[in-house]
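Reminder, nothing fancy here: chain letters follow the sequence lines and each chain counts from 1.
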Number of protein chains: 2
Amino acid sequence: MPESADTTWLRTVAHEVRSFDRSSTAERVAELLRSRVIEGDLPPGTRLSEEQLVEVLHVSRNTLREAFRLLTHEGLLVHRLHRGVFVPELDEDDLVDLYRLRRTIECDVVRRLEGLDAVRLRPLHAAVAAGEDAARRGDWGAAGTANMRFHQQLVALAGSRRIDETTARLLAELRLAFHAIAVPQRLHEPYVSRNRALLDLLTAGEVEQAAKELEAYLHDSEAELLAAHRAHPRS
Amino acid sequence: MPESADTTWLRTVAHEVRSFDRSSTAERVAELLRSRVIEGDLPPGTRLSEEQLVEVLHVSRNTLREAFRLLTHEGLLVHRLHRGVFVPELDEDDLVDLYRLRRTIECDVVRRLEGLDAVRLRPLHAAVAAGEDAARRGDWGAAGTANMRFHQQLVALAGSRRIDETTARLLAELRLAFHAIAVPQRLHEPYVSRNRALLDLLTAGEVEQAAKELEAYLHDSEAELLAAHRAHPRS
DNA sequence: CCTTGAGGGATTGTTCAACAACTCTCTAGG
DNA sequence: CCTAGAGAGTTGTTGAACAATCCCTCAAGG
């Protein structure tokens, strides 16, 4: 196909199309890759080729690399010097580590809760309901998403930006682990009702008991994930 | 000064000099800027000009921007689209937020400790001793550093990579706040002995009591910092 | 047969220069 | 005093070039 000598206008049009929102190109590329990684479209261990992605995404290598950096610091990609970026393969130590921090944050947040009211718990109700609905439909992907949202909203009750951010990273990494293991989705089932139970305890203002239940909950979840991991040596 | 037509060899020599260690140029630039920020050489609110730093550091804008990203994700710089990167100015909300997460992590780590022995506590002893020594000399900068190390080593007892990383970010940001406020260094004095007391409790295996003391400790520290902040409206 | 090491191709790391897009400031006009 | 807009200065993004490194292959030597 013939091209005009001056293609400057093409770039400006392309820019207009892409930057309709208020974020940089790198951030949008990162957002795109993030969803791909979290959805499991890119299996752990996959190498993300710069050349290839530049071709597909129509961004420059520099911009792509900036997106890589963003995701690397979220733990969704790992960067090996002179080798490229990969979707991380979490091992058992990582799982234990993830759950360690998770217990620390979530349980402590719950334990320190006070002055709860129905309004603040509303987002939790929504997440639990979404989970139950998804479970009824047998849509375990959606159930997993709802579960993540439940826990994110749970820590959000603390009202701390940094706790929210730390938790978001944590849950994203954990999601990665789920895909790595291809865990039987039925394993998610008990947590739908346990989320409900947890929410009931919070509604009743029983924070200490809720914290204890959450602790056991997370221990069980960790144990099951580890078992699934051992039963599923390498995909 | 005259230059030869071909300066390629210059770049390769320069690269050899700079990359003697096993990290990328961006990481080394980040390390340099990190220390400047943490030491307080760059006051909060300072804008870091790309043009200027490229000139001084002899790296390309791309590499510099990669370093910026690194530090941005550590909370040591903030990035405003189309405006540049700045040394953050933490406000009271940030202080509260920082201490909120700090209490969560540090107290929980201490509370869950078990199987402590002298060997594992050794790094803590070293940090406490360093703090006491610095205090005797009246070197409050060193005392602050020792204090940071004490708390970093404290959470390190949990043996969790992610807890370590989260804490490192936390403490770095906090350090920023100290400089922002130009807090009277005398305020650091009581914490030297409180660190010692904390360590004694741990040595005795009294983790629950240690956690309670740490909680009070952090509350006091937060209160003093907030008071200092209010007394020091804007520098 | 296994190990070792020297090409050589492919990919990442870094730089540079150019231009687009945005913010900030200052000024002219209301 | 306020507002619109032009201009200057800075950041955002691109594409090309080359250096540095990794990885695979293959051959020589044990």
Quiz item: Sequence neighbours excluded, which residues qualify as ring-ring contact (aromatic ring centres under 6.0 Å, His included) partners of A:H73?
Solution: B:H73

Exercise. Output all residues satisfying salt bridge (Lys or Arg N to Asp or Glu O under 4.0 Å) with A:R102, sequence neighbours left out; order by chain, then residue number.
Key: A:E106

Quiz item: Can you find an N or O donor on one side and an acceptor on the other, under 3.5 Å apart, linking the side chain of A:R61 with the base of C:dG13?
Solution: yes

Quiz item: Who pairs with B:H82 by ring-ring contact (aromatic ring centres under 6.0 Å, His included), at least two apart in sequence or on another chain?
Solution: none

Which atom pairs, one a donor and one an acceptor, fall under 3.5 Å between side chains of residues 39-48 of chain A and the rest of the protein, sequence neighbours left out?
unit_1 : atom_1 : unit_2 : atom_2 : d
A:T46  : OG1    : A:P43  : O      : 2.4

Quiz item: Do any side-chain nitrogens or oxygens of B:H79 fall under 4.0 Å of OP1 or OP2 in D:dG12?
Solution: yes

Exercise. Would you tell me whether B:T104 and B:R100 have side-chain atoms, one donor and one acceptor, within less than 3.5 Å of each other?
Key: yes

Practice problem: Between D:dA16, C:dG13, C:dT23, spot the one nearest the side chain of A:N62, thanks. | Solution: D:dA16

Self-check item: Residue pairs fulfilling salt bridge (charged side-chain N to carboxylate O under 4.0 Å, His left out) with at least one residue in residues 140-152 of chain A, sequence neighbours excluded
Solution: none

Quiz item: Is there a residue in residues 65-73 of chain A whose heavy atoms reach under 4.0 Å of DNA chain C, and which residues are they?
Solution: A:R65

Exercise. Applying ring-ring contact (aromatic ring centres under 6.0 Å, His included), name anything that partners A:Y99, two or more places apart in sequence or on another chain.
Key: none

Quiz item: Does any pair with a residue in residues 151-161 of chain B pass salt bridge (charged side-chain N to carboxylate O under 4.0 Å, His left out), and if so which ones, sequence neighbours excluded?
Solution: A:D94-B:R161, B:R161-B:E165

Exercise. Let me know the distance between NE2 of A:H58 and C1' of D:dG12, rounded to the nearest Å.
Key: 19 Å

Quiz prompt | Length of the CD-P vector between B:E55 and C:dC16, whole Å | solution = 11 Å

Exercise. Report yes if at least one side-chain N or O of B:T63 is closer than 4.0 Å to OP1 or OP2 of C:dT15; otherwise report no.
Key: yes

Quiz item: Just how large is the angle between the end axes of the helix from C:dC1-D:dG30 to C:dG30-D:dC1, five pairs per end, to 10 degrees?
Solution: 20°

